[in-house]
Every structure is written in C-alpha cells, then in structure tokens.
Amino acid sequence: MTASTHDLAPTTTHRLPSAPTAVDVVHLQTAKRFMTFAVPLLTLAVVLALSGVIAGVFYQLGSRPGTAEWVENSRNNPGVLWALPGFLGYYGVQSVATTFPLALTLGASRRAFTAGTLLFHGLLAAYIALAGLVLLGVEELTGQWFVGLYLMDVVLLGGGDPLRLVAVLFLGSLAVMSAGAAFAAAWVRFGARGPAVLALGTALVLAAAALLLAGQASAVAGAFQLWWLAAAAVVVIALSCAAEQLLLRRASVR
Amino acid sequence: MTCQTPPAAPPAVRLRGVGRRFRRTAALSDVTLDLPEGVVCGLLGRNGAGKTTLMSLLAGHDRPSSGSVEVFGADPFTHAPTTSAVSFVRDDQRYPDDFRLSHVLSVAPRFHPAWSAERAAELVDAFRLPSRADVKKYSRGQLSALGIVLGLASRAPLTVFDEPYLGLDAGARQVFYRQLVTDLAEHPRTVVVSTHLVDEMEALLDRVVVLEGGRVVRDSTVDEARAAAYTVSGPSAAVDALTAGLRVLASHRLGELRSATVEGELTDAVDAAARRAGAQTGPASLQELVLAHGAEPEVGTPAPPAVRASEGVPA
C-alpha cells in the first residue's frame, strides 16, 4: 500500500452546495425513459390489438361493424380499465419504495423527494391523459381504426367526450399512482407492518361506509352522478399525497 | 489594540451524546465525536458495533434517538443543503427496478454540483462495470464498485463509504485506494470510511474512531492510536511480571508463551526491562489495537491461536 492521503493540504470551510430540487427528483423518476413514456403507449397498443382479436371473434359469430349491436358492445370495452391500473399502481409503488433510498443517497431532502414524486405522478398522469386524447382523435378520424374498433371512445372514458376522457384518465391515473406511492411510503416508514395496517384501515373505512349506506343503496344508486367518481378520485389523491408526505417526512432509509 | 485570533473552523462532523435504539437494542450509546474538515477517518469495529448506524446518522438517512448530530453545523436529517453535502452509498443500497449504469450516471450530476464525469468514467472503466445489465443483477463486487463511483465522483464535502471493498479483488481495491488519494489531493474533502481491512487502509487514514458495542472506545489520530499501545511477548512468567499493574487490552497464550497488548507508551525503559526479562516489545499496529478493542481480524488474517483473556487491570 503506497498511496497516502497524509500530505493533503487542509481544506477551507466548505460552502454547502445548493440542495437538489423537486425538478431534480422528477429527472430521477423519469430516468427510465422507455419504461416511463413508452410502456403506457405499448400497453394501450396491446389493448387495441386484443380488442381487434375479440372483435374478430364477434365478426365470425355474425356481428357486423357499424350495426347498433356492434357499436353498443364495442363502446363497453373495458380494456383500458384492466390494462393501465396495474402498470400505474406498480409505478406508483416503485417510485417511492426503491427510488426514495437512491434519492436520499444522492443527497435529496425528504421534502424535495416528496414534492418531486408528486409532480412526477401529475406529469405522468397528464401524459397518459394527453396520449388518450390523441388516440381518441385518431380513433375518430380513422372511423374507429378503419375497422370499427373502440379503444378510447368507450363509455368508461366518457363516451367520446374529450373533456371527460381527459378527466377520467388524468384523475384515474393520478389516483392509482398516488395510492401505490402511499402504500410504499408506509412500507418505507414502518416496514411490512405499514402497508398491512394501511390496507386494514382502508378496508375498515370502506366496510363502515358500505354498512352505513347499505340501507339507502337504491336511493344512492338512483341519485348517482358521474362527478361523484371524480370527487372520489380527488379525495383518494389528496389523502394519498398527505399520507405520503407525512410518512416520508420522518422516514429512515432502508 | 487587541490581537484577536480567528475563530476555529467548525468541525465537519459534531456528535453530542448520540444514541440510537432499535426497539430494545441500543445500536449507539452516548457517542460524542468531532471530525475536523478535510480528514480521512477510518470507522473501525466489529460487525454490529454500530458503524453503519453512525454513518446513516451522518448522512441524514436516519435520526438519533437521543443527542444531536451536526454536519457542517446543521442537522443533516432536516437541513436540505446539508443532506445534499453528504454522499453515502450503503453496502445494501437499493436501486429502482430496471435501473442501469447509464441511468445512475445520467441523474447523479443533477444531485451533486461538483460531480466529475471524468472521474466517474475513469472508475467505470477501471472497474469494468457492465452498462447493459440491470444494477440489481450486479455482483457484490460490482455493487461496491458502483458505490465507489458514486462516492468519489460526487465530490461531496462529506463522503461516506460503508465497507467499500466488499467483493472487490485486490486489484480493484488498489484502484479504489489510488483513485481516492488522487481525487482527494485534487479536491480535498472529509471522508469517513468503515473498514475491517485496517492494515490495508491504514496509510490512507488520518484519524480512527473505534466503536465497540455502540460506544466510541477510541477517537484519535492514527499516530496517536499507534503510540497508545505496545505489545510484549515472551515467556508467560516474564510477560505476566512486565504487565502487572498495567492495562492489558488483549492477551494471547500459546503454551508457555504469552503475547499482550498493553495500553501506554513504549519507552526505552520499558523496552530495556523487557529485554532483561527475556521478553520482546514492539509498537502495536493499528490492526492489533483494533483487535484489542474487539474488532474482527481482516480477511486472510489468521485468528490468534490462543484465547483472548480479559486480563485488564486498571492502571
């Protein structure tokens, strides 16, 4: 061992570097460009392809594009609902569970990490909503992908209304990612007990709400308004973001 | 006219009565410590002595149960600029799923203003880190090498290495030592490194802090540590007589022979007395001193053939 540090000149007092910001955390969260931006589009492409296969089966069974029956069945296509939440939930979880330790290792503060992660979730939700809007436009312009396929012009996404589609995709994506991030933050803060307790608490609240409303189920169903779902999504997003912030504020790195 | 002396620079690290408990286990107890700026400090001690816990506190990755931690005069847990002034890659560092070397190298400069892309490229090349494999699939040595890349290239004012040699072969370890010396010569900063390879890293260190059972049992310069103890070896009876009344840190017996590490300065008189009794004396190496405090021997060092007796007699 010949190397030595003993002759190094003494240092002057360090001026601390500027702290990483939420924008820096967004860059960290989006470092995997393909996974972040291409996978949602590929997922939608797979849904479109599967919808095509299913439509082909119905065609073989005698249903024909453009008929009332075909349009009604196609516009009830729930493919997007089944495909996107899985990816978004996973992305919400990993954006905290494994990215938080690296962010702090790189010198990010907890506050910058939380703000940056929430900003990232918002940006990704906006990206998905914008992608959905563009796909809806293409779908309309091509006469449902030239063969009568319905991917975005479906009841779940607002039945062809661009504003509703953007609202559903944005709020839905953000709600799923935020909830995933909140569960991951509970894990970071309390270990395996964290998400278990959070899930139990959520289940108890939902069960209590169901019991309270059970007697008025028909009245509630009759009065149901679509904006209730949007309001519910906003509540989920707000609670999840608050939980994430509270949990990570004093979390240790695992 | 009065002559005023300039105020002394605050230490890079100041710990006062720091304790950290995990449920019923005390990982650190009443740790009080100052580290001046610009030193390379070896954090030594056996597994479970509290080294990683201490480093987590320095990096603001964790907070103490009691006492206070200051890095560059502020709490690294809550003060964002201080948090960003520390680079600490844990030995079990987590990385996001599917993260590759290119992802790490693309984001790290945003977090460390003094990041050296040249140093990073040099280290990546020297360690032959694969760029196409997911970091999660790296071997133990490759993960250590990536930690070294992040730590050295960050040029963070306080850089903390947690057993950075794990899984590295001798050649790779030499790369680390050379790069550390070169980079510190060009960009002096405070470094804390935990290690069991005391002999191998001794020449790099300015200070040593030895932890045992969560407490600091030695905090000194390397030279002071070396001068703080000596060894006496020879016939058991002679060594027994020579060490009577002295504080024996460690003792080994092999048949009729005994070797003892004694706290104190090795003077000519002590050496002469030992010669007259048919025994030998010598300065204790840093490794022997650490072993005496209960730290584990480095890899490849044969364990002492005899039992370690607890023969300490307060001076």
Side-chain angles (χ1 to χ4, degrees), chain A residues 1-36 39 90-91 93-113 115-116 188 191 249-254, chain B residues 9-10 12 36-38 40 56 59-63 72 74 78-90 93-99 103-104 106-108 110-114 150 154 156-158 174 177-178 180-182 184-185 188-191 199-206:
Chain A
M1 181 69 238
T2 55
S4 174
T5 60
H6 291 164
D7 299 328
L8 299 179
T11 55
T12 54
T13 299
H14 279 289
R15 288 180 60 197
L16 295 182
S18 56
T21 64
V23 175
D24 297 319
V25 175
V26 171
H27 276 269
L28 171 62
Q29 296 282 14
T30 56
K32 296 180 294 181
R33 299 269 190 270
F34 182 84
M35 177 67 89
T36 307
V39 167
Y90 155 75
Y91 226 48
V93 169
Q94 78 98 48
S95 69
V96 171
T98 53
T99 311
F100 176 75
L102 181 60
L104 262 71
T105 286
L106 291 172
S109 67
R110 287 162 181 78
R111 184 177 303 206
F113 176 79
V188 168
R249 195 170 59 177
R250 292 183 168 276
S252 300
V253 177
R254 288 178 178 276
Chain B
E37 278 200 48
V40 180
S56 292
H61 288 192
D62 197 6
R63 60 198 164 124
F72 303 118
T78 56
H79 190 245
T82 305
T83 309
S84 69
V86 186
S87 171
F88 171 42
V89 183
R90 308 167 74 89
Q93 177 66 47
R94 290 177 189 275
Y95 294 90
D97 296 346
D98 308 315
F99 236 54
H103 298 134
V104 179
S106 69
V107 296
R110 293 195 68 94
F111 289 80
H112 294 295
L150 282 172
S154 74
L158 174 60
Q174 288 301 319
Y177 302 143
R178 275 199 301 272
L180 178 65
V181 170
T182 305
L184 288 183
R189 54 198 188 271
T190 311
V191 174
D199 282 344
E200 199 168 293
M201 295 197 74
E202 185 175 342
L204 294 164
L205 306 177
D206 300 305

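A, B, ... follow the sequence lines: proteins, then strands. Residue 1 opens every chain.
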Tell me, out of B:Asp98, B:Val86, B:Thr82, who's got the most heavy-atom pairs with chain A below 4.5 Å.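 Ranked by heavy-atom pairs under 4.5 Å with chain A, first place is B:Asp98.
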Do you know which of B:His112, B:Arg63, B:Arg90 has the most heavy-atom pairs under 4.5 Å to chain A?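 Ranked by contacts with chain A, first place is B:Arg63.
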Closest heavy-atom pair and its distance - [X], [Y]:
X: A:Ser252; Y: B:Asp62; answer: OG-OD1, 2.7 Å
X: A:Arg110; Y: B:Gly60; answer: NH2-O, 2.8 Å
X: A:Ser18; Y: B:Ser84; answer: O-OG, 3.8 Å

Determine the option with the most heavy-atom pairs under 4.5 angstrom with chain B, choosing from A:Thr21, A:Val25, A:Thr105, A:Leu102. A:Thr105
I need the residue from A:Ala112, A:Ser109, A:Ala31 with the largest number of non-hydrogen atom pairs under 4.5 Å to chain B.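 Ranked by contacts with chain B, first place is A:Ala31.
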If you measure from NE2 on B:His103 to CZ on A:Arg33, what distance do you get to the nearest 0.5 Å?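 So the gap between those two atoms works out to 8.5 Å.
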Where does [X] contact chain A at under 4.5 Å (heavy atoms): side chain, backbone, both or neither?
X: B:Ala59; answer: neither
X: B:Pro113; answer: side chain
X: B:Thr78; answer: neither
X: B:Tyr95; answer: both

Taking CZ in A:Arg111 as the centre, count heavy atoms belonging to other residues, nucleotides or ligands within less than 6.0 Å. Is the count above 12? no
Could you tell me whether the side chain of A:Tyr90 reaches within less than 4.5 Å of the side chain of B:Asp97, counting heavy atoms only?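 Yes, side chains in contact.
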I'd like to check B:Arg110 versus A:Pro20 (side-chain heavy atoms, cut-off strictly below 4.5 Å). Are they in contact?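 No, too far: nothing below the 4.5 Å cut-off.
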Which of these, B:Val89, B:Val104, B:Val107, sits in a side-chain contact (heavy atoms from CB on, under 4.5 Å) with A:Leu106?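 Option passing the side-chain contact (heavy atoms from CB on, under 4.5 Å) with A:Leu106: B:Val107.
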Where do B:Phe111 and A:Leu28 land on the side chain to side chain contact (heavy atoms under 4.5 Å, CB included) test, with the steps shown first? CA-CA 9 Å; B:Phe111 289 80; A:Leu28 171 62; 4.0 Å; yes
